[in-house]
Amino acid sequence: MRQVLAIPVPCGLGGPDPNVARGPNVLAVAGLLEGIPDAGWDAALEAPAGPRLESLGSLCRSLADRVSAAIIQGSLPLVVGGDHSIAAGTWRGVGRALGSPPGLVWLDAHLDAHTMATTPSGNPHGMPLAALLGLGAPELTGVPGPILDPHHVCVIGARSFEKSEPALLLGLGVRVFNMDEIHSRGLGSVFAEALAIVGPDFGLSIDVDVINPLEASGVDTPVPDGVFASELLLLLRGLGRLPGCRAIELCEYDPARDSDGGTAAIVKSLVLSLFEAGV
Ligand SMILES: [Mn+2]
């Protein structure tokens with residue numbers, strides 16, 4: 001198995017709750033990498049001071065460099081956020097290392113497909129997927145064009161979004177599996193289709209708010225309903241060991257809303273499952 005390089009990105013600039021920035025440290029203390037052979041923490045990557053979008057853009061540029069370097073040296077980057085705006089840096093770095101756009105499974109209660117023109121909140125953590133597809137805030141990805149190929153991107157678990165977001169994603173050809181479809185087909189069937197869509201070289205962007213807040217309430221923006229951790233855990237099992245899995249990202253864990261550590265424990269079990277043998 002490749003070395004797993006966990007890259008902590010203590011950033012809360014993209015969302016409403018700055019406590020998300022404490023996520024990587026709290027997860028590290030909770031033993032996020034315990035039980036994963038040959039895994040270690042990189043130094044934390046901090047956002048420089050400055051206006052929000054510029055600061056995030058600079059952070060994403062540094063993150064892209066780190067992720068790209070990790071892949072080139074044969075490691076598997078595990079990016080630990082932090083709010084989801086950092087995805088603009090993670091997948092830019094993966095694309096650069098591969099020389100082609102990776103497929104991407106985006107697990108999220110939201111669609112993160114706002115542009116500066118459509119966002120009601122102005123929060124960049126609602127924009128990274130649009131930015132990665134070449135629409136929205138180029139400050140985040142640092143490049144004007146698309147980084148991902150929409151035909152190899154899918155979103156699983158969506159249940160809270162504004163009308164412009166599915167319009168943008170579906171218009172580009174992104175497959176969106178919302179919770180209604182998951183309830184009617186089952187998560188297993190949806191997940192299998194998602195892996196076929198993303199193709200052999202792919203990544204996983206896991207927004208912890210994809211999980212039902214009845215189980216995992218420790219997230220920045222909880223939304224009722226969602227997938228159950230036990231089911232997701234089975235489907236993620238061993239994916240991190242596949243050579244085609246190029247990077248994994250965990251975002252939006254909010255320790256301030258996780259007083260009993262229950263959400264941290266769930267996140268830890270998901271990561272362990274990703275690296276379990278016996279797929
Ligand atoms: Mn998200």
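When reading the values below, keep in mind they use all heavy atoms of this one structure, side chains included, and skip hydrogens, waters and symmetry mates. Just so you know, ligand 1 is whichever comes first in the structure, and atom 1 is the first atom listed for that ligand.
With hydrogens and angles disregarded, no donor-acceptor distance shorter than 3.5 Å links the side chain of Arg246 to the backbone of Gly203. Looking at Glu252, its side chain does come within 3.5 Å of a backbone N or O of His84 through a donor-acceptor pair.
One finds the CD1 atom of Ile7 at 12.0 Å from the CD1 atom of Ile248 (value rounded to the nearest 0.5 Å).
Here the N, O or S atom of Asp207 that is nearest to the Mn ion (ligand 1) is OD2. Nearest N, O or S atom of Asp108 to the Mn ion (ligand 1): atom OD2.
Contact annotation: His84 places an N, O or S atom under 2.8 Å from the Mn ion (ligand 1). Taking backbone and side chain together, Asp112 holds an N, O or S atom under 2.8 Å from the Mn ion (ligand 1). Here Asp209 does not reach the Mn ion (ligand 1): none of its N/O/S atoms is less than 2.8 Å from the metal.
Counting only N and O atoms by type, the side chains of His183 and Asp225 include a donor and acceptor under 3.5 Å apart.
Electrostatic pairing of Arg52 and Glu139 does not count as a salt bridge here, judged by no charged N lying under 4.0 Å from a carboxylate O.
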